[in-house]
Amino acid sequence: MMSEPEAWRGRVRGTPAYRRVLFGLFLAGVATFAQLYAPQAVLPLIAHDLGVSEATSALIISAATLGLAIGVLPWSLVADRVGRVWAMIAAVCGATLVGFAVPFAPTLELMLAGRFVEGLLIGGVPAVAIAYLAEEIVPEHATRAAGTYIAGTTIGGLSGRIISGPVADVLTWQAGIIVVAALCALCAVGFAVLTPQPRGFVPPRLRTQKASSVSVRIRAAISDPRLLALYAQAFLLMGGFVAVYNFLGFRLMSEPFSLPPTIVSLIFLAYLGGTWSSSWAGALAARFGRRAVLVAGVLVMAAGVAATMSEQLVFVLAGLVVMTAGFFAAHSIASGWTGAVATVGRAQASSLYNLSYYAGSSVFGWLGGIFLAGGGWAGTAIMVIALAAVAVIVAAGMLREN
């Protein structure tokens with residue numbers, strides 16, 4: 001008599017299939033986030049070449065992050081129908097193809113439309129990657145696997161910025177973005193070839209367990225005041241964070257600093273400050289509580305932004321590192337807290353957090369340029385500090401540990 005096959009638990013750390021999953025998603029993270037942020041390092045060159053204002057040039061970033069924000073939830077539904085891996089392959093390959101075309105757009109309007117479509121496609125990876133890991137990796141190794149994917153997104157965002165700047169300094173800003181797109185194409189092919197097809201995915205129509213309706217899950221995700229406060233953290237803090245990185249380059253390339261684009265692109269290495277602060281925040285949260293560490297991270301972020309108003313380059317750069325560390329500390333707490341609060345509709349709450357995160361990037365990533373035009377760098381910095389102050393007030397008034 002044949003015994004029934006064991007239920008699928010997931011791939012175990014150390015096996016070839018486990019390594020293929022991790023490396024494939026690492027490549028997907030690089031491919032998507034490198035092209036998402038590649039133009040950020042060359043915004044001053046784009047503004048000069050196209051004869052547009054700082055705020056208008058920043059729309060190239062905002063258009064893509066807006067598309068990503070809108071695309072996250074629909075991509076999660078697509079992945080339920082066609083499977084996780086096929087959805088991510090379609091997303092990353094489609095985004096890379098659009099990424100090659102965007103720099104050749106004949107008008108700014110077409111370029112913005114292309115970036116919006118690119119963002120819509122990019123949204124397929126963050127919408128699906130964590131769900132894929134949860135289904136394919138044994139639970140005791142899933143957290144480590146998710147960390148590898150997040151590392152890929154961080155390195156992707158960093159590499160897109162530090163590659164496009166030096167290439168643009170030697171050639172053109174279009175060439176800088178094309179080189180990044182070529183890197184993304186290689187990573188996309190690697191992802192498609194290496195990543196194993198899912199074994200843990202079960203289409204919703206075949207699931208036997210009773211699940212709450214979509215309307216019930218969405219209602220749960222928007223009715224808890226704590227979740228609304230956490231979405232506000234994502235919207236406000238990411239908005240301020242992107243505004244700093246969008247427009248600080250304009251300041252550093254003008255008087256009194258007059259730094260070349262290649263040197264300015266290296267400011268994005270401050271992004272690595274978030275790698276340390278994220279783990280630091282998690283350890284402190286276990287000791288002092290999430291709210292205290294979240295508020296502390298926001299205050300550190302604001303202090304770093306204040307330091308960037310200095311006329312001394314060393315203080316500006318130190319302030320950028322401090323700001324980045326504070327932001328990632330607060331973001332790591334807020335994003336993790338969202339999953340803990342949302343006992344019903346967890347996927348929908350996560351999608352709404354991501355939507356708020358990238359919507360803030362789109363809105364304030366552009367609005368910071370308006371403040372820059374009206375009040376110089378101090379105007380942008382004060383806007384970001386004001387966003388941090390609102391975030392602290394919301395967190396103190398609406399967030400409770402239990």
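Just so it is clear, the values below take in all heavy atoms, side chains as well, and ignore hydrogens, waters and symmetry mates. Because the structure is a prediction, the values reported are computed rather than measured.
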Query raised in the report: For F257, does the CZ atom have more than 12 heavy-atom neighbours from other residues, nucleotides or ligands under 6.0 Å away?
Result: yes
Query raised in the report: Quick one: CG on L50 to OG on S57, what's the gap to the nearest 0.5 Å?
Result: 8.5 Å
Requested in this report: Begin with the C-alpha distance, continue with both residues' side-chain angles, and end with the deciding distance and a verdict on ring-ring contact (aromatic ring centres under 6.0 Å, His included) for Y357 and F235.
Outcome: CA-CA 5 Å; Y357 187 80; F235 182 74; over 10 Å; no
Query raised in the report: Going by atom types alone, do T308 and W377 pair a side-chain donor with an acceptor below 3.5 Å?
Result: yes
Report task. Show your working on side chain to side chain contact (heavy atoms under 4.5 Å, CB included) between V92 and M88 and close with a plain yes or no. Result -> CA-CA 6 Å; V92 72; M88 287 189 286; 5.8 Å; no
Report task. Decide yes or no on side chain to side chain contact (heavy atoms under 4.5 Å, CB included) for L59 and L108, but give the supporting numbers first. Result -> CA-CA 10 Å; L59 290 174; L108 177 63; over 6 Å; no
Requested in this report: Report the residues that fulfil salt bridge (charged side-chain N to carboxylate O under 4.0 Å, His left out) with R251, sequence neighbours left out, ordered by chain and then residue number.
Outcome: E311
Query raised in the report: Can Q35 and T32 be counted as having a side-chain donor-acceptor contact under 3.5 angstrom?
Result: no
Query raised in the report: Hey, what's the ring geometry for F328 with F241, parallel, tilted or perpendicular (30° and 60° as the breaks)?
Result: perpendicular
Report task. For S265 and T262, test the side chains for any donor-to-acceptor distance below 3.5 angstrom and give the result as yes or no. Result -> no
Query - Test applied, ring pair (Phe, Tyr, Trp, His ring centres under 6.0 Å); reference residue, Y245; option that passes from F250, F327, Y37, F268 - result: F268
Query - Member of L68, L121, I70, V125 meeting the side-chain contact (heavy atoms from CB on, under 4.5 Å) criterion with W75 - result: L121
